[in-house]
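Lettering follows sequence order; numbering is per chain, from 1. Please read these numbers as outputs of a predicted model, since none were measured by experiment.
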2 protein chains.
Amino acid sequence: MSDIATTRKGEIRAWVLDRITSGALEPSSRIPSEHQLMALFGVSRMTVHSALAELAKEGVLRRVKGLGTFVARPGSHLTVVHVTDPAEDVRARGGAYNIELITLEERDATDAERHIFGMAQHARIYHLKAVHKSGGVAVALEDRLVNPTVAPDFLKVDFTGASAFAHLSSCAPFPEGGHVIRAVQASATDVKLLSLKPGEPCLEIERTTWIETSVVTHVKLRYPGSAYELKGAISRP
Amino acid sequence: MSDIATTRKGEIRAWVLDRITSGALEPSSRIPSEHQLMALFGVSRMTVHSALAELAKEGVLRRVKGLGTFVARPGSHLTVVHVTDPAEDVRARGGAYNIELITLEERDATDAERHIFGMAQHARIYHLKAVHKSGGVAVALEDRLVNPTVAPDFLKVDFTGASAFAHLSSCAPFPEGGHVIRAVQASATDVKLLSLKPGEPCLEIERTTWIETSVVTHVKLRYPGSAYELKGAISRP
DNA sequence: CAGTGGTCTAGACCACACA
DNA sequence: GTGTGGTCTAGACCACTGC
């Protein structure tokens with residue numbers, strides 16, 4: 001038995017999950033229909049539906065209208081990482097945060113940048129480049145492009161107090177996006193700005209976020225490999 | 001307007017999301033109660049509840065019994081990565097997959113390993129170390145510990161056909177777990193086994209999964225930084 | 001056609017927070 | 001107490017699948 005099921009919905013959830021983990025229900029096999037579970041548990045159909053819909057949303061089941069409910073193929077678990085804000089990271093660890101601005105400007109977007117943002121020719125763009133420091137020690141290098149349409153006040157932000165991340169979160173809360181995580185060798189610039197040893201590995205996170213159809217921001221964060229790890233959980237939320 | 005809302009639930013979702021993204025609803029502010037939205041949209045309470053519960057599960061809203069429904073604080077987006085199986089990765093890319101076993105044994109667990117697995121003294125453990133190859137080229141180094149209690153047949157698996165990941169997925173589907181992603185410098189062993197240039201950065205993924213209270217497996221995967229990226233999406237699922 | 005899941009209704013009882 | 005969200009019921013109509 002897995003959960004302490006106090007509700008009828010919880011009972012059904014637990015029943016299904018137990019039968020999967022115990023092997024009684026194989027991947028891709030069909031589970032009883034809502035009507036059958038209704039009779040089995042003596043509950044209304046809405047209750048059964050709610051339990052199964054929840055499990056489907058969590059990726060445990062796959063439901064097909066007109067066909068039935070099936071155990072999802074495992075093999076592609078979901079790993080969740082909290083998207084990080086270097087400024088918050090430092091503060092959460094109790095460090096004395098400060099930022100060293102390298103670039104903060106409005107300029108013409110390059111072809112590649114216009115492509116990322118889906119902008120027309122001669123579009124303008126905001127560009128921030130900065131080093132985040134904890135107690136004077138560099139912990140991350142941020143290189144960020146911002147869409148002026150979405151965050152018109154970006155250049156006026158006082159980055160010593162509010163981070164770019166926080167400001168953009170208020171302009172465009174709950175964005176969608178994509179990201180790439182990779183290990184790279186530190187460039188000469190990285191070595192200088194992050195005070196690294198030459199050739200030291202860095203963890204790079206490249207992230208593009210958008211809301212509706214407007215790309216909000218594109219950012220590359222580079223962390224010293226020796227001092228930074230990305231932690232997360234594997235879950236069915 | 002954000003979604004093409006064809007259902008009443010979708011209408012309510014879209015209404016709430018629009019009012020958040022447009023700034024009409026600030027973070028932490030209260031949104032109308034289920035009864036108020038019921039009257040506003042002319043729908044039953046279950047429909048309103050379903051829409052709001054969904055948004056709460058996605059992290060957009062925070063609901064407190066007896067108090068009300070509030071806009072969640074943004075600032076901690078969720079990034080989702082698909083947990084990867086090197087064997088599946090290679091096959092998905094159309095490469096000719098093969099595996100080179102380095103170690104596959106049952107042995108006494110070390111103190112550190114017993115601590116990870118929560119095992120008693122003198123416990124036994126399975127240990128797999130292998131290089132995954134695509135068309136003869138090394139793409140990943142796997143170093144895996146397995147709990148014999150959960151996967152007693154692990155040593156009998158034919159790893160040329162089924163991957164460790166797939167076998168464990170069938171023993172313990174939908175596990176929970178945690179993981180750490182980091183950039184490391186290739187060790188001498190890595191250089192040899194993965195045919196790297198000395199000092200080349202590697203992406204390392206360390207993952208521990210468990211089901212109920214049993215730790216199932218602990219694995220370290222090491223990828224050449226020049227050839228591997230971890231991609232994912234930022235989302236409210 | 002019968003069976004399935006997706007959605008919706010108009011009620012209900014409960015546990016909780018606040019005044 | 002009132003108002004809130006969490007859960008549940010016993011129906012209903014619909015769109016879809018496979019036969």
So, does B/H49 get its side chain near the phosphate of D/dG6, meaning an N or O under 4.0 Å from OP1 or OP2? yes
Please list all pairs meeting salt bridge (charged side-chain N to carboxylate O under 4.0 Å, His left out) that have one or both residues in residues 161-173 of chain B, counting only residues at least two apart or in different chains. none
Strand partner of C/dA19, provided both Watson-Crick or wobble distances fall under 3.5 Å: none
Without decimals, in angstroms, what is the distance between A/R62 CZ and C/dT4 C1'? 14 Å
Considering every strand and a 4.0 Å limit on heavy-atom distances, what is the contact class for A/T69: base, sugar-phosphate, or nothing? sugar-phosphate
Please report the distance, rounded to the nearest Å, between CG in A/L52 and C1' in C/dG6. 12 Å
Electrostatic pair B/K57:B/E54 at N-O distance under 4.0 angstrom: no
Roughly, in whole Å, what's the span from CZ in B/F70 to P in D/dT4? 11 Å
Would one find a side-chain N or O of A/S33 under 4.0 angstrom from OP1 or OP2 of C/dG3? no
Distance, rounded to the nearest Å, where A/L55 contributes CG and C/dG6 contributes C1': 16 Å
If I take atom NZ in residue A/K57 and atom C1' in nucleotide C/dG6, what distance separates them, rounded to the nearest angstrom? 13 Å
Sugar-phosphate atoms are those with a prime plus P, OP1 and OP2; base atoms are the rest. Using that split, label each nucleotide of nucleotides 9-19 of chain C B, S or - for protein heavy atoms under 4.0 Å, 5' to 3'. BB-B--BBSS-
Ring centre gap for B/F159 and B/F154 strictly below 6.0 Å: yes
Pairing of B/E11 and B/R8 as salt bridge, 4.0 angstrom limit: no
Indicate yes or no for a side-chain donor-acceptor contact from A/S50 to the backbone of A/M46 under 3.5 Å, with no hydrogens or angles considered. no
Spacing between B/R13 atom CZ and C/dG6 atom C1', to the nearest angstrom: 15 Å
Does A/R63 have a side-chain nitrogen or oxygen under 4.0 Å from the phosphate oxygens OP1 or OP2 of C/dG6? yes
Kindly check if the number of other-residue, nucleotide or ligand heavy atoms within 6.0 Å of CZ (B/R62) is above 12? no
Look at the side chain of B/R30 and decide which nucleotide, out of D/dT4, C/dT7, C/dT4, has an atom nearest to it. D/dT4
For a 4.5 angstrom cut-off between non-hydrogen side-chain atoms, does B/I20 reach B/L61? yes
In whole angstroms, how far is the P atom of C/dT4 from the CG atom of A/L61? 16 Å
